[in-house]
Protein chains: 2
Amino acid sequence: MLSLKDLSYLVALDELGHFGKAAQACYVSQPTLSGQLKKLQNQLGVELIEKGSKKVILTHVGREIAQRAKAMVLQAHELEAFARASNKPLTGRLKLAIIPSLAPYLMAKTGACVNALLPGLTIELHELETHELLRQLKSGEIDIGILVLPQPQAGLRHLSLWQEPLWLGVGHEHPWAKKTQVTRGQLAGAELILLKEGHCLADQAQQMCQLKSQSQAFRGASLETLRYMVSAGNGATIVPQLSMDAWISHGEQNITYIPITSPKQAREIGFLARSGSAYWPCVEALHGAMAKVLPKNSADTQTVPLVI
Amino acid sequence: MLSLKDLSYLVALDELGHFGKAAQACYVSQPTLSGQLKKLQNQLGVELIEKGSKKVILTHVGREIAQRAKAMVLQAHELEAFARASNKPLTGRLKLAIIPSLAPYLMAKTGACVNALLPGLTIELHELETHELLRQLKSGEIDIGILVLPQPQAGLRHLSLWQEPLWLGVGHEHPWAKKTQVTRGQLAGAELILLKEGHCLADQAQQMCQLKSQSQAFRGASLETLRYMVSAGNGATIVPQLSMDAWISHGEQNITYIPITSPKQAREIGFLARSGSAYWPCVEALHGAMAKVLPKNSADTQTVPLVI
DNA sequence: TTTTTCAATAGGTATTACCGATAATGTTGA
DNA sequence: TCAACATTATCGGTAATACCTATTGAAAAA
């Protein structure tokens, strides 16, 4: 019968392309890994590793099998995690990723509360843009993601957390600085300072303004960059509410925040995890803890569904 | 590290509910199975088997883990099958299931041709109703299904084969026996003899006639039963084209077949297999072989999508 | 060429999966 | 209640094998 251990050797070799390094990664000696892979090839009756080549290259079949093997190894780890979690729920190490336009502000607001409610849980926080977050989530590098929904992805399960209102942030010199509100229609074609492409907030803002990507000359690397730019001059940008709250409470004086209406704009923040993940109870616990701290949604808030 | 063998022991125990029988199914002795399961419990740090109970009952966690384990074991088998198939494509044993309203007629028409084209392939044929077919397909008990599409099922891959026209079969004494065509509208509320519930053909016919299930007094167990009933008296039923062809070529004299028009009714026949199945090349080969033998679709044929 | 790098081989050891026999336990029928 | 039975757990021994270190062989780099 096939052995998961042998399969994991193949996965390691596929990923590292080097017998010695793969062996090291698996905590075995190089001869062991070589021998077991040879055994695996006999069991399957297939050449997995390209023969006679200078480099370590898997055959076409080998690569396909390594891919399947990787999925199985991941499932094995999830099974073990599930078993652990069933003993002591809400303990252990949790690899959590949050999109950059949300991470610092969300953690500032909810971090203490979460730690208080889930003392047994060590949260390892990663800041990843949506695309990379999804990849790492599916590959098992992270366990839970917090990002903008909806994300129609097979094999993933989601839980909505909050409709985060979006504001227009403008410098005091900006022509709109005296406005008490801006309608969505007025935003069409407006010149905004946005984040780099890849950030879902930038995509969403572009949609709201019906802009093509080329029309944007300036791209910030983080919301904090945008903050300084708007604060310094007469630019304008889209600001999620949590960032706004943080900036206000940190004494930012030079930005005026204007509500966007007709309809009120928001983005849907939520959790994402693998469907079979052992960490789903953690998701629910985090949801419970965070929901208490976040402001209540007003009724007329409307999500802008993001087209991926 | 977790061992697939141990996991398969747990799966066997879950399914058979008996240490001895499970051991037998795994070709090991009962003490071996007991011991390995004990080891597994230690590894996972979880009680898998209900202690102190009279019957062998898995704990709640145990059952969940057995379910995950089953999926992994299935994947292991598929991986092995894939490796085998990569050596000698289109050989070996193929477990094929076909819905009963199609199986005999399809095999009669295409069996010889398939065997001629795929001499290395031993086909093990099962006759299963849609629901059971899907279950067995997902659990790995069968490899390929031929049934009525669409079947929106996660993890399964499909390939459409043929739009099979549907006819109205009536006895010579039936009021409609002299008609040259029947429109779909005329079928509404018509009294038809149908198959038992569970057969997708019956569901589809009911939809066509806009009937509730209660309104059907008579239910046949197979199309052959319906044939005798219609042939003997003045009943009417929906007949798929392949059945009709078979009946005609077997000398059935007492049934008149009336085309259903406005629009012409049909059902979509197609293949279904697990997404990662090693047997997909077989599906394509079968598709190629069968498509040659089946009649060409006329352009105005319309599928009636089945609501599950 | 020599040196270096890397995988394959050899030989030996510790682990463990496995078996048969048997004991312990629970279940059932009188 | 106590046999008679069915079923699982335990015991001791064995064969298979996963693993190691040391070494060799072959290819690439110097």
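To find a chain, count down the sequence lines: A is the first, B the second, and so on, and within it residues start at 1.
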Calculate, to the nearest 0.5 Å, the distance between atoms OG and CG belonging to B:S101 and B:L106 respectively. 10.5 Å
Between [atom2] on [N] and [atom1] on [X], what's the gap in Å once rounded to a whole number?
X	N	atom1	atom2	value
A:M1	D:dA16	CE	C1'	17 Å
B:L40	C:dC18	CG	P	13 Å
B:Y9	D:dT8	OH	C1'	17 Å
A:L2	D:dA18	CG	P	12 Å
B:Q24	C:dG20	CD	P	13 Å
A:Q30	D:dA22	CD	P	14 Å
B:F19	C:dT25	CZ	P	16 Å
A:D6	D:dA18	CG	C1'	9 Å

Are [X] and [N] close enough that a side-chain N or O sits under 4.0 Å from OP1 or OP2?
X	N	value
A:S34	C:dA8	yes
A:H18	C:dT5	no
A:K39	D:dA18	yes
B:Y27	C:dA17	no
B:T32	C:dC19	yes

Tell me which nucleotide among [options] gets nearest to the side chain of [X].
X	options	answer
A:K5	D:dT8, D:dA22, D:dA18	D:dA18
B:K38	D:dT10, C:dA8, D:dT8	D:dT10
A:S29	C:dA8, D:dT21, D:dT7	D:dT21
A:Q36	C:dC19, D:dA18, D:dT8	D:dA18
A:P31	C:dC18, D:dA18, C:dA8	C:dA8

Verify the distance criterion only: is there a donor paired with an acceptor across the side chains of [X] and [Y] at less than 3.5 Å?
X	Y	value
B:E129	B:H199	yes
B:H126	B:E124	yes
A:S34	A:Q30	yes

Spell out, as yes or no, whether a donor-acceptor pair under 3.5 Å connects the side chain of A:E284 to the backbone of A:L159. no
